[in-house]
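Worth knowing before you read on, the calculation uses all heavy atoms, side chains too, and leaves out hydrogens, waters and symmetry mates. Convention: sequence-line order gives letters A, B, ...; per-chain numbering from 1.
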Amino acid sequence: MPEILEAEVARCLIEAAALDRPIQDVHAPDPWFLKGGCTPAAVREALVGRRCTRARRRGKLLCCDTDRGGPTLGLHLGMSGRVIVDGTAAGDPLRYAPNGEDPAWVRFGLRFADGGHLVLRDPRRLGAVRLDPDEDRLGIDAFSLRLGDLRPLLRASRAPVKAVLLDQSRIAGLGNLLVDEVLFRAGVDPARPARTLDPAEQRRVARAVSDTLRILGRRGGSHTGDHIEARRPGGRCPRDGAELVRRTIAGRTTYACPVHQR
DNA sequence: GATGACCTGTGA
DNA sequence: TCACAGGTCATC
């Protein structure tokens, strides 16, 4: 599913292919998909005639600024959303999500005056579009997370370390798969109360976040982790061969190695 | 901070 | 036919 890596790929696609093209029409066939109280008519009114000037990202949220004082268009991919510009989709096929092309899955689109279009396709309908999203509700972007940012977050919480890493208001961008991969690499049990991590473990987690984003980013997304293939009942740890333990932590399915994640 | 609802395609 | 996947939000 889309996490920060998929969002970044989508941002790059928008930046490369959708900026500075006048918006001629807005396609919003699914009012439910529009959040923050806006309607298809309001979005059309706000965007038609403008151009996107910049594509930014904070965590998993895509922000497209528009010209002449227009609103920022916020796009969220939910768990199955993909951005498509002129028929080209960003990134690899998604795991746990359909990858077909059913037109009914198009939840939102911009048609440009030149005839091209930007589309958000989301079979599961858990994505969202809104105008002027509140970006400050999100914490520090995971790409810029440093040990000095992470340490106080961990020290301040009795919740499982996994819950802290998943909390978008503290660290923006990490989803279920990336967090499991990070803790796998760091050798830390996801259920450990965050504040019980010692300085060496804090360092390993901070390092694992940046390593994981860099390495999986190069490989092509959050579904390319070392840990992912073992992510099934009976799966074995690729590091030491132990059978992974499946639990629910922070409300999410969690796989961890009972031998080296302590 | 934890839990369940939201939504729907997939695979058993 | 049904459990399950998961990001986010409302509610406890």
- Item | N or O in side chain of A:H76 less than 4.0 angstrom from C:dT8 OP1/OP2 | yes
- Note on the structure: To the nearest angstrom, the CG-P distance between A:N176 and C:dA5 comes to 9 Å
- Task: Remember a base hit wins even if backbone is also touched, and classify A:G251 as base, sugar-phosphate or nothing at under 4.0 Å, heavy atoms.
- Result: nothing
- Message: I'd like to check A:L77 versus A:L75 (side-chain heavy atoms, cut-off strictly below 4.5 Å). Are they in contact?
- Response: no
- Message: Assess, by modelled atom type and distance only, whether the side chains of A:D65 and A:T72 contain a donor and an acceptor separated by less than 3.5 Å.
- Response: yes
- Query: Tell me: CZ of A:R158 to P of B:dG1, nearest whole Å?
  - Reply: 10 Å
Mind listing the N/O atom pairs, protein and nucleotides 10-12 of chain C, below 3.5 Å?
none

- Query: Do NZ/NE/NH1/NH2 and the carboxylate oxygens of A:R57 and A:D141 come within less than 4.0 Å?
  - Reply: yes
- Note on the structure: Under a 4.0 Å heavy-atom cutoff, the residues of residues 189-197 of chain A touching DNA chain C are none
- Rounding to 0.5 Å, atoms OG (A:S169) and CD1 (A:I140) come to a distance of 13.0 Å
- Checking side-chain hydrogen bond (donor to acceptor under 3.5 Å, both in side chains) for the pair A:D86/A:T88: CA distance, chi angles, key distance, verdict? CA-CA 6 Å; A:D86 299 334; A:T88 304; over 6 Å; no
- Query: A:R130 side chain: which of C:dT8, B:dC6, C:dC9 is closest?
  - Reply: C:dC9
- Task: Evaluate the ring planes of A:F184 and A:H227, with Trp represented by its six-membered ring, and classify them as parallel (under 30°), tilted (30 to 60°) or perpendicular (over 60°).
- Result: tilted
- Message: B:dT8, OP1 or OP2 - any side-chain N/O from A:S80 closer than 4.0 Å?
- Response: no
- Query: Just checking, any donor-acceptor pair under 3.5 angstrom between side chains of A:D122 and A:S80?
  - Reply: yes
- Message: Of the listed nucleotides (C:dC9, B:dT8, C:dT8), which one gets closest to any side-chain atom of A:R125?
- Response: B:dT8
- Query: A:L75 has an atom CG; how far is it from atom P of C:dG7, in whole Å?
  - Reply: 18 Å
- Would you tell me if any nitrogen or oxygen in the side chain of A:K60 comes within less than 4.0 Å of OP1 or OP2 on C:dT8? yes
- Note on the structure: Separation of C:dG7 atom C1' from A:D167 atom CG, nearest Å, is 12 Å
- Query: For B:dG9, does either OP1 or OP2 sit under 4.0 Å from a side-chain N or O belonging to A:R121?
  - Reply: no
- Message: Side chain of A:A159 only, heavy atoms from C-beta on: which candidate in B:dT8, B:dG1, C:dG7 is closest?
- Response: B:dG1
- Task: Answer yes or no: is there a side-chain heavy-atom contact under 4.5 Å between A:D240 and A:C257?
- Result: yes
- Message: Between A:W32 and B:dC6, is there a contact of a side-chain N or O with OP1 or OP2 at under 4.0 Å?
- Response: no
- Query: In terms of side-chain heavy atoms of A:A163, which of B:dG9, B:dA2, B:dC6 is nearest?
  - Reply: B:dA2
- Please say whether more than 12 non-hydrogen atoms of neighbouring residues, nucleotides or ligands are located less than 6.0 Å from CD in A:E45. no
- Note on the structure: Whole-Å distance, A:R58 CZ to C:dG7 P, equals 19 Å
- Query: Do you know which of A:L165, A:V182, A:L183 makes side chain to side chain contact (heavy atoms under 4.5 Å, CB included) with A:P190?
  - Reply: A:L183
- Query: To the nearest angstrom, how far is A:L61 atom CG from C:dG7 atom C1'?
  - Reply: 12 Å
- Salt bridge check: are A:R214 and A:D211 linked by an N-O gap of less than 4.0 Å? yes
- Query: Does A:R56 CZ have over 12 foreign heavy atoms under 6.0 Å away?
  - Reply: yes
- Query: Where the side chain of A:R252 is defined as all heavy atoms beyond and including C-beta, which of B:dA2, B:dG9, C:dG7 is the nearest nucleotide?
  - Reply: C:dG7
- Message: At 4.0 Å (heavy atoms only), tell me whether A:P233 reaches a base, stays on the sugar-phosphate, or touches nothing.
- Response: nothing
- Query: For A:D30 and B:dT8, what is the distance between atoms CG and P respectively, to the nearest whole Å?
  - Reply: 8 Å
- Nearest listed nucleotide, side chain of A:P160, among B:dA2, B:dG1, B:dG9: B:dA2
- Query: Short question: side chain of A:R111, backbone of A:H117 - any donor-acceptor pair under 3.5 Å?
  - Reply: no
- Quick one: bend of the helix from B:dG1-C:dC12 to B:dA12-C:dT1 from 5 pairs per end, to 10°? 50°
- Message: Which nucleotide wins on minimum distance to the side chain of A:P123, given the candidates B:dG9, B:dG1, B:dC6?
- Response: B:dG9
- Query: How many Å lie between CG on A:L166 and P on B:dG1, as a whole number?
  - Reply: 12 Å
